[in-house]
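The structure under discussion appears below in the form of structure tokens.
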Amino acid sequence: MSAPNKSYDPVEVEALKPEEIERMRDEALAAFAAAGDLDALTHAKTAHTSGTSPLALANREIGALPPQAKAEAGKRVGQARAAVNKALAARQAELEDERDARVLTEEAVDVTLPYDRTPAGARHPLTTFMERVADVFVAMGYEIAEGPEVEAEWFNFDALNFLPDHPARQMQDTFFVRSAEDRTGHPDSATEGESGVVLRTHTSPVQARTLLERKPPVYVVCPGRVYRTDELDATHTPVFHQIELLAVDEGLTMADLKGTLDHMVQALFGADLRTRLRPNYFPFTEPSAEMDMVCYVCRGASVGNPDRPCRTCGSEGWIELGGCGMVNPHVLTACGVDPQKYSGFAFGFGIERMLMFRHNIEDMRDMVEGDVRFTRPFGMEI
Ligand code: FA5
């Protein structure tokens, strides 16, 4: 900065001469006009309006002028800086308009062009729901276990304590696989029911397979496809899905079973929902029970209340989920597990029926017919 002037002689301060100020202003205006895009304008802005620009440096000289000269020089510099800022703002707006117009043209979408008509695929809601149920148990430390769909009769029935004359063993309930020698035989062949091989009628044979393969403690969840000779109708299909749960450890009781069921129902349908057990019979569990959950829609409020009918539970207040019980000691023994030392619980239920009441699906046939108009509303869950 120059030394303070004692007398008024503006000519002595070169940077404040009127023609110098005009030159600085004109240079700035020319630089803005020459900036072809916003990046170039940013550079020009730094060069001509920042604290080290010629006009800013000239402005600093004013402080060294004698008082009578300060006002005149200040006015001159101030007017020049105002002109520079105005020109900058105008050019900025101009360049932004140009950029917007260019982007609109370059990125225009022709909505009349034909789109890719191949629809994106989605997983079937049965698959995603079955995985969601399994995840609830995996989060509790259970492992996934699997077994074959073409199963030995021994695993499907004998190991599970089905006596030889149990009705489920009849050919009108179970698909028997023909023996190798009889593959070309007549459909009514007598050997069909004697091959010892069936399409598994439930996921419970995985219980026996797991107990033969692993030593307790065993905590497994077994999702899978099962087969029965049921006709396809609104509530039955010959091919459906079940999820089985098996826990075998020291000291397990019905209370553990009930707590596990409550946790599952709350994880899948909402907090505070209860389950109840009703006595039932399965050869492979003792005691056995049918498991219901309180209706997650009306929570029992529709029972005896014609003004509030509930489609989900048919105003029953409860929804039947599946079968369960304590693993029958005969099953433990058949699979080499000491029933004096270990006890266990198991339950199994049909995924289709659960999906039906969870999404108010009225006809099971919709789930198996593969029509995308049914699956599409379930979205792209993967
Ligand atoms: C069983 O299959 C037992 N294995 C369940 C079990 C496991 C009990 C472990 C105890 C311990 P059930 O035959 O009731 O039980 O069938 C279970 C579920 O399969 C039923 O609740 C129903 O939801 C479903 N289900 C049965 N038949 C069909 C069918 N034809 N179509 C669709 N779902 C069916």
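Numbering of ligands and ligand atoms starts at 1, following listing order. None of the values given here were measured: they were computed from a predicted structure.
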Is the backbone N or O of Val368 less than 3.5 Å from a side-chain atom of His124, with the two atoms forming a donor-acceptor pair by type? no

Using a 6.0 Å distance limit plus a 45 degree cone around the ring axis, check whether Arg209 lies over the aromatic ring of Phe155. yes

Ignoring hydrogens and geometry, is there a side-chain-to-backbone donor-acceptor pair from Asp249 to Pro216 under 3.5 Å? no

Give a yes/no on ligand 1: does Glu352 have at least one heavy atom closer than 4.0 angstrom to it? no

Nearest-contact summary for atom 17 (C) of ligand 1 - protein heavy atom, Å: Gln242 NE2, 3.4 Å

Around atom 33 (N) of ligand 1, find the nearest protein heavy atom and jot down its residue, atom name and distance. Phe240 CD1, 3.3 Å

At what distance is the nearest protein heavy atom to atom 3 (C) of ligand 1, and which residue and atom is it? Phe284 CZ, 3.8 Å

Ligand 1 to Phe347, heavy atom cutoff 4.0 Å, flagged ligand atoms 7 (C), 9 (C), 11 (C)

Proximity to ligand 1 by part of Glu320, non-hydrogen separation under 4.0 Å: neither

Looking at His241 versus Phe129, is the centre-to-centre ring distance below 6.0 Å? no

Under 3.5 Å, is there a donor-acceptor pair between the side chain of His202 and the main chain of Asn156? yes

Based purely on interatomic distance, does His236 place a nitrogen or oxygen under 3.5 Å from a nitrogen or oxygen of ligand 1? no

Protein residue, atom and distance nearest to atom 18 (C) of ligand 1, heavy-atom basis: Gly350 N, 3.5 Å

State the CG-CZ distance between Leu261 and Arg274, to the nearest 0.5 angstrom. 14.0 Å

I need the contact type for Cys324 against ligand 1. Using non-hydrogen atoms and a strict under-4.0 Å cut-off, is it side chain, backbone, both or neither? backbone

Output yes when the distance from some N or O of ligand 1 to some N or O of Asp230 is under 3.5 Å, and no in every other case. yes

Sub-4.0 Å heavy-atom approach of Met354 to ligand 1: no

Under 4.0 Å from a heavy atom of Glu244: give me the atoms of ligand 1 that qualify, with their elements. 7 (C), 9 (C)

Taking atom CG of Leu268 and atom CE of Met354, what is their separation to the nearest 0.5 Å? 5.5 Å

Atom 14 (O) of ligand 1: closest protein heavy atom, distance to 0.1 Å, is Phe282 CE2, 4.1 Å

Is there a donor-acceptor contact under 3.5 Å from the side chain of Arg228 to the main chain of Thr201? yes

I'd like to know if Gln207 contacts ligand 1, where contact means a heavy-atom distance under 4.0 Å to any ligand atom. yes

Checking a contact table here: which protein heavy atom is nearest atom 2 (O) of ligand 1, and how many Å away? Arg228 NH2, 2.9 Å

Tell me which protein heavy atom sits closest to atom 22 (C) of ligand 1, plus the residue, atom name and distance to 0.1 Å. Arg353 NH1, 3.2 Å

Hey, could you give me the CG/CG distance between Leu355 and Asp366, rounded to the nearest 0.5 Å? 11.0 Å

Before signing off on this row, confirm whether Thr237 and ligand 1 have an N or O atom pair separated by under 3.5 Å. yes

Donor + acceptor pair across side chains of Asn85, Thr49 (<3.5 Å): no

Gly348 heavy atoms, cut-off 4.0 Å: which ligand 1 atoms fall inside? 5 (C), 6 (C), 7 (C), 9 (C)

Crowding at CD, Glu146 (>12 non-hydrogen neighbours, <6.0 Å): no

